[in-house]
Undergrad: 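What follows is a structure written as C-alpha cells; I'll ask about it next.
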Amino acid sequence: MRATLLLLAATMLAAPAFADVELHYAPSNADYPVTQIVIHDGRVRITNSAQVHSVVLYESSKHRFLILDTREKTFRVVDQQAVTDLRQDIARVKRLAQALPQSMRGLIHEHAPEVSALLEHPLPTATLAATDTIVHVGRYDCRTATVSINGGIGYGLCVTSTKALGIPKDDAQTLAAMAADLRRFGGRNLVLKPGADALLLKQVGVPIKYVDFGRGQTWLLKSIGQGKVPNASMRVPPDYEQQPLLDIFG
C-alpha cells in the first residue's frame with residue numbers, strides 16, 4: 001500500500017478553545033464538501049466522500065495516524081516504528097529480488113503486483129518549496145508553494161497562518177504536532193527547501209487552495225463550522241481489527 005497522506009487543516013473565525021472545528025474542502029466548481037476535517041481534543045479526523053469507506057485519524061498524544069476501513073472493520077497504524085519497519089521491509093525485499101533471476105522477478109510482477117510496484121517505484125520523494133508570492137484567495141492573503149513528486153511539479157498550495165484563520169490555540173497546537181509528525185515520518189522522502197520549513201514546522205501554514213496539476217483540479221476551503229462531535233467518532237471502534245501497514249511477506 002503506497003499511500004500519500006496529503007492532510008489539510010484550517011478554520012476561519014475565532015472560537016472558544018472547547019469548540020470542535022470542522023473544515024470542508026471541495027473542487028472550485030462544486031459547492032458540496034468532498035473532504036471533511038474535524039479537530040477535537042488533540043485529535044484530527046479526515047474523511048473524503050470519494051473514499052466513503054476510508055477514515056484517517058490522527059492522535060497527537062501518541063504521535064500516530066490511524067487508517068480505518070469502515071467496510072472491513074480494520075485499521076492500520078502509521079507511526080515512527082511502523083514507517084521504520086516498512087522501509088526496512090522494502091529494502092530487504094529489494095535485496096532478495098535483485099538476487100533472483102529475471103524469470104522469478106516476472107513471477108513477482110504477475111502474482112504480487114503490490115510488492116512489484118514498491119520494487120519498481122519505491123516510496124516517492126516529495127519536495128516542498130515556498131515562494132515569496134502573496135495572493136488573495138477568498139477573504140485571505142496566502143503564500144504560494146509547490147510540491148514536487150520525484151522531481152516533477154505535482155501540486156500547488158496557497159497557505160495562510162492559523163492566526164489569520166482564527167484557529168483556537170489548542171487546535172493550532174494539534175495541527176503543529178501533526179505537521180511535525182508528518183515531517184518526521186517522511187524522513188529523507190520529504191525535502192523542505194529553504195523557507196519551506198515555516199509552512200510545515202514553525203507557523204504551521206494552512207492550505208486554503210490546493211491545485212492538483214496532474215488532474216487539472218483546484219480545491220478550495222469552502223466552509224468552516226464549529227460544534228461538538230461524539231468522542232467515539234474520533235477513536236477506533238472497539239470491534240475493529242488491526243492490520244499491518246504493509247504485509248510484504250504475508
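Please read these numbers as outputs of a predicted model, since none were measured by experiment. Throughout, residue positions are numbered sequentially from 1 according to the sequence presented.
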Undergrad: List in chain and number order the residues that pass side chain to side chain contact (heavy atoms under 4.5 Å, CB included) with T133, two or more places apart in sequence or in another chain; answer none if no residue qualifies.
TA: T131, V135, T144

Undergrad: Angle class for the Y58/F65 ring planes (parallel below 30°, perpendicular above 60°, tilted otherwise)?
TA: tilted

Undergrad: Under 3.5 Å, side chain of H136 to main-chain N/O of G138, donor-acceptor pair present?
TA: yes

Undergrad: If we only count heavy atoms from C-beta on, is the R188 to T125 side-chain gap below 4.5 Å?
TA: no

Undergrad: Considering residues at least two apart in sequence or located in another chain, which fulfil the side-chain hydrogen bond (donor to acceptor under 3.5 Å, both in side chains) criterion with D85?
TA: Q81

Undergrad: Tell me the closest heavy-atom pair linking G42 and T174, and the distance in Å.
TA: CA-OG1, 3.3 Å

Undergrad: State the CD-CG distance between E241 and D69, to the nearest 0.5 angstrom.
TA: 12.0 Å

Undergrad: With side chains defined as the heavy atoms from C-beta onward, is the minimum distance between N231 and H40 less than 4.5 Å?
TA: yes

Undergrad: Among the clusters formed by ILVMFWY side chains lying less than 4.5 Å apart, do L220 and I46 turn up in the same one?
TA: yes

Undergrad: Find out whether D141 and T160 are in side-chain contact, i.e. whether some heavy atom of one side chain is under 4.5 Å from a heavy atom of the other.
TA: no

Undergrad: Could you report the tightest heavy-atom contact between Q243 and R76, atom names first, then the distance?
TA: O-CG, 3.5 Å

Undergrad: Just verifying a value: how many Å separate R64 CZ and I67 CD1, rounded to the nearest 0.5 Å?
TA: 12.0 Å

Undergrad: Do V159 and I134 share a hydrophobic cluster (ILVMFWY, side-chain heavy atoms under 4.5 Å, transitive)?
TA: no

Undergrad: Give a yes or no on whether M178 and L245 share a hydrophobic cluster (residues Ile, Leu, Val, Met, Phe, Trp, Tyr; joining criterion: side-chain heavy atoms under 4.5 Å apart).
TA: yes

Undergrad: Measuring from T127:OG1 to N189:CG, what's the distance to the nearest 0.5 Å?
TA: 9.5 Å

Undergrad: Find out if a path of hydrophobic residues (ILVMFWY) with successive side-chain heavy-atom gaps under 4.5 Å connects F185 to V44.
TA: yes

Undergrad: What residue among F213, Y210, W219 forms ring pair (Phe, Tyr, Trp, His ring centres under 6.0 Å) with Y155?
TA: Y210

Undergrad: Quick one: closest heavy-atom pair of R87 and G187, and the distance?
TA: NH2-N, 4.2 Å

Undergrad: Any side-chain heavy atom of D79 within less than 4.5 Å of one from K62?
TA: no

Undergrad: Minimum heavy-atom separation for P124 to N150, with atom names?
TA: CA-OD1, 3.6 Å

Undergrad: Tell me every residue that passes side chain to side chain contact (heavy atoms under 4.5 Å, CB included) with Y240, counting only those two or more places apart in sequence or in another chain.
TA: L68, T70, K73, F75, V236, P237

Undergrad: Which heavy atom of V34 sits nearest to which heavy atom of P27, and what is that distance?
TA: CG2-CD, 3.5 Å

Undergrad: How far does OG of S60 sit from CD of Q173, to the nearest 0.5 angstrom?
TA: 9.0 Å

Undergrad: Considering only distance and modelled atom types, tabulate donor-acceptor pairs under 3.5 Å from the side chains of residues 50-57, sequence neighbours left out.
TA:
none

Undergrad: Hey, any chance M234 and V77 share a hydrophobic cluster, counting ILVMFWY side chains that come within less than 4.5 Å of each other, even indirectly?
TA: no

Undergrad: Any side-chain to backbone donor/acceptor pair from R45 onto Q36? Under 3.5 Å, distance only.
TA: no

Undergrad: Which residues pass the salt bridge (Lys or Arg N to Asp or Glu O under 4.0 Å) test with K163, not counting sequence neighbours?
TA: none

Undergrad: Where do L157 and P207 come nearest, in terms of heavy atoms and distance?
TA: CD2-CB, 4.5 Å

Undergrad: Please identify each residue that fulfils side chain to side chain contact (heavy atoms under 4.5 Å, CB included) with D132, with sequence neighbours left out.
TA: R143

